[in-house]
Asker: 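Okay, here's the structure, questions in a sec.
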Protein chains: 2
Amino acid sequence: MWHEPDQGDAFAPHDHALCQSRALAEAEERLRQQGARLTPVRRRTLEILLEAHRAMGAYEVLDRLAEAGFGRQPPVAYRALEFLVEHGLAHRLQRLNAFAACLHPGEDHAPVFLICRVCDKVAEAHAGNVRSELSSAAGELGFTVERATVEALGLCPACAGRDAE
Amino acid sequence: MWHEPDQGDAFAPHDHALCQSRALAEAEERLRQQGARLTPVRRRTLEILLEAHRAMGAYEVLDRLAEAGFGRQPPVAYRALEFLVEHGLAHRLQRLNAFAACLHPGEDHAPVFLICRVCDKVAEAHAGNVRSELSSAAGELGFTVERATVEALGLCPACAGRDAE
DNA sequence: ATCGAATTGTAATAAGGTAACAAATTGTGG
DNA sequence: CCACAATTTGTTACCTTATTACAATTCGAT
Ligand SMILES: [Zn+2]
Ligand SMILES: [Zn+2]
Ligand SMILES: [Zn+2]
Ligand SMILES: [Zn+2]
């Protein structure tokens with residue numbers, strides 16, 4: 001029982017070079033439509049997140065940006081990351097105080113994150129049913145959900161396999 | 001269409017003095033069974049969370065502990081809060097870097113939190129269906145969920161009513 | 001009373017995040 | 001091209017959140 005590796009699935013073996021360049025191209029296209037600029041820092045920041053294919057702390061990103069010749073002060077990283085998040089190109093993971101590139105930008109989304117506790121990779125799962133159950137549970141208390149954070153910690157298939165051996 | 005106010009529902013009008021004392025009594029009982037000690041700092045920490053009936057940052061708790069004569073250093077609060085979380089008497093809210101007293105200790109639970117963005121109150125909703133949808137969405141990627149954070153930001157019924165006026 | 005374990009106090013520091021302002025860059029109308 | 005406004009980037013300074021390490025105390029059981 002194997003599945004077609006989809007674009008949100010960081011765990012499935014895949015051509016990661018292609019995965020990165022596609023995400024970058026999608027980002028460019030998306031920003032062009034919105035009239036926003038993918039400046040050098042922002043571009044490099046997105047590349048850093050995409051290369052890692054996992055969640056990274058702002059200071060870790062900052063170190064990499066500094067290596068690439070950009071400023072070494074926190075706002076440099078936070079601003080670029082905030083820009084990416086606002087434009088749907090990255091997500092913030094509350095549980096880790098960290099950021100990860102969005103794996104399927106463009107789609108309207110409020111994703112559910114799956115974080116492997118062994119390899120730190122992050123995937124985005126289909127959220128529709130989870131969200132609707134959440135709204136309905138909230139509705140029973142008269143609560144209106146505006147935004148929700150859904151983050152699961154666990155084992156990805158690769159690391160689960162390694163464990164079992 | 002009104003509902004029976006249940007124990008996890010911080011939004012429903014209720015006798016809060018009773019709500020607190022019941023939670024405290026349940027906490028004592030629970031810890032006695034586990035052979036853990038509800039020492040003065042720990043007890044006061046739980047009381048502080050229960051009084052507020054909302055999420056509080058560790059440093060806010062620390063200030064209150066200091067007022068009550070306990071140490072003014074971060075570990076004092078973090079240790080007490082960690083103890084309460086470990087024993088199922090409080091929860092950590094990732095989204096806010098904050099803590100809240102558990103509203104129904106004893107029940108085996110992995111709650112879903114509803115956080116009102118206006119009044120900051122926190123309720124716990126029934127999570128069963130949300131969790132199972134989450135596990136099933138994760139399962140499609142071969143991912144095993146061990147622990148999950150589900151936190152919704154939005155409007156509680158009282159604040160929604162005030163808004164509409 | 002005495003010993004070991006658990007708990008609390010304290011100092012020092014790491015990690016995460018933001019406000020404020022200056023310098024540089026970019027795009028636009030004249 | 002030039003002036004000029006808007007945006008973006010750099011830097012300083014500071015704030016909040018969290019942990020490590022170790023000393024002092026308290027608790028429970030011999
Ligand atoms: Zn990839
Ligand atoms: Zn893994
Ligand atoms: Zn609870
Ligand atoms: Zn409210």
Side-chain angles (χ1 to χ4, degrees), chain A residues 27-28 31-32 34-49 52 54-87 89-100 115 120 149 151, chain B residues 27-28 31-32 34-49 54-87 89-100 120 149 151:
Chain A
E28 280 169 353
L31 291 177
R32 207 181 44 69
Q34 300 180 24
R37 296 164 49 204
L38 190 61
T39 60
V41 218
R42 293 169 179 172
R43 185 189 184 91
R44 187 74 200 103
T45 302
L46 180 54
E47 285 171 359
I48 288 167
L49 291 181
R54 61 179 172 82
M56 296 180 78
Y59 282 71
E60 195 181 349
V61 170
L62 181 56
D63 284 345
R64 303 279 218 101
L65 286 174
E67 284 169 17
F70 298 98
R72 343 189 119 265
Q73 283 63 38
V76 172
Y78 279 103
R79 281 193 293 236
L81 290 166
E82 183 189 26
F83 172 89
L84 296 176
V85 169
E86 272 172 4
H87 291 82
L89 303 174
H91 298 288
R92 176 189 285 259
L93 297 162
Q94 309 284 348
R95 173 143 215 149
L96 307 175
N97 292 328
F99 300 82
I115 307 164
D120 285 331
T149 300
E151 300 175 4
Chain B
E28 280 170 353
L31 291 177
R32 207 183 42 74
Q34 299 179 24
R37 295 164 48 204
L38 189 61
T39 61
V41 216
R42 292 169 180 171
R43 186 191 183 90
R44 185 76 200 103
T45 302
L46 180 54
E47 285 171 359
I48 289 167
L49 291 181
R54 61 180 172 81
M56 297 180 79
Y59 281 72
E60 196 181 349
V61 170
L62 181 56
D63 284 344
R64 304 279 218 99
L65 286 174
E67 284 170 18
F70 298 98
R72 349 190 113 265
Q73 282 65 40
V76 172
Y78 280 103
R79 281 193 294 234
L81 290 166
E82 183 190 26
F83 172 88
L84 295 176
V85 169
E86 273 173 2
H87 291 82
L89 304 174
H91 298 289
R92 176 188 286 256
L93 297 161
Q94 309 284 348
R95 173 142 215 152
L96 308 175
N97 290 329
F99 300 82
D120 284 332
T149 298
E151 299 176 3

Asker: In this structure, how many angstroms lie between the P atom of D:dA18 and the CD atom of B:Glu82, rounded?
Answerer: 12 Å

Asker: Polar atom pairs between nucleotides 11-21 of chain C and protein, under 3.5 Å, N or O only, would you list them?
Answerer:
from: C:dG16; atom 1: N7; to: A:Tyr59; atom 2: OH; distance (Å): 3.3
from: C:dG17; atom 1: OP1; to: A:Arg92; atom 2: NH1; distance (Å): 3.4
from: C:dG17; atom 1: OP2; to: A:Tyr78; atom 2: OH; distance (Å): 3.0
from: C:dG17; atom 1: O5'; to: A:Tyr78; atom 2: OH; distance (Å): 3.3
from: C:dG17; atom 1: N7; to: A:Tyr59; atom 2: OH; distance (Å): 2.4

Asker: Roughly how far apart are A:Leu49 CG and A:Leu89 CG, rounded to 0.5 Å?
Answerer: 10.0 Å

Asker: Quick check for you: to the nearest 0.5 Å, what is the distance between A:Met56 atom CE and A:Thr45 atom OG1?
Answerer: 10.0 Å

Asker: Can you list everything that forms a ring pair (Phe, Tyr, Trp, His ring centres under 6.0 Å) with B:Phe70? Sequence neighbours excluded, please.
Answerer: none

Asker: B:Leu62 CG to C:dT10 C1': how many Å, rounded?
Answerer: 12 Å

Asker: Which distance, rounded to the nearest 0.5 Å, do you find between the CD of A:Glu151 and the CZ of A:Arg95?
Answerer: 7.5 Å

Asker: If I take atom CG in residue B:Asp63 and atom C1' in nucleotide D:dT17, what distance separates them, rounded to the nearest angstrom?
Answerer: 13 Å

Asker: Does B:Ala66 have any side chain to side chain contact (heavy atoms under 4.5 Å, CB included) partners at least two apart in sequence or in another chain, and if so, which?
Answerer: B:Arg72

Asker: Taking salt bridge (Lys or Arg N to Asp or Glu O under 4.0 Å) as the cut-off, I'd like each qualifying pair that reaches into residues 37-49 of chain B, sequence neighbours left out, listed once.
Answerer: B:Glu28-B:Arg43, B:Arg43-B:Glu47, B:Arg44-B:Glu47, B:Arg44-B:Glu51

Asker: List the atom of A:Leu62, the atom of A:Ala77, and the distance in Å for their closest heavy-atom pair.
Answerer: CB-CB, 3.8 Å

Asker: Whole angstroms only, please: what is the CZ-P distance between A:Phe70 and C:dA23?
Answerer: 21 Å

Asker: Give the intermediate values and the outcome of side-chain contact (heavy atoms from CB on, under 4.5 Å) for residues B:Phe83 and B:Leu46.
Answerer: CA-CA 10 Å; B:Phe83 172 88; B:Leu46 180 54; over 6 Å; no

Asker: Let me know the distance between CZ of A:Arg72 and P of D:dA13, rounded to the nearest Å.
Answerer: 17 Å

Asker: Can you tell me how far CG of A:Leu65 sits from CD of A:Glu67, rounded to the nearest 0.5 angstrom?
Answerer: 9.0 Å

Asker: Which parts of residues 34-45 of chain A get close to DNA chain D, meaning a heavy atom less than 4.0 angstrom away?
Answerer: A:Arg37, A:Thr39, A:Val41, A:Arg42

Asker: So, A:Arg54 and A:Glu60, do they make that salt bridge, N to O below 4.0 Å?
Answerer: yes

Asker: Show the distances under 3.5 angstrom between N or O atoms of the protein and N or O atoms of nucleotides 3-5 of chain C.
Answerer:
none

Asker: Starting at atom CD of A:Glu86, determine the distance to atom P of D:dT8, rounded to an integer number of angstrom.
Answerer: 11 Å

Asker: Would A:Leu93 and A:Phe99 count as a side-chain contact (heavy atoms from CB on, under 4.5 Å) if you check the C-alpha gap in whole Å, the side-chain angles of each, and the deciding distance to 0.1 Å?
Answerer: CA-CA 6 Å; A:Leu93 297 162; A:Phe99 300 82; over 6 Å; no

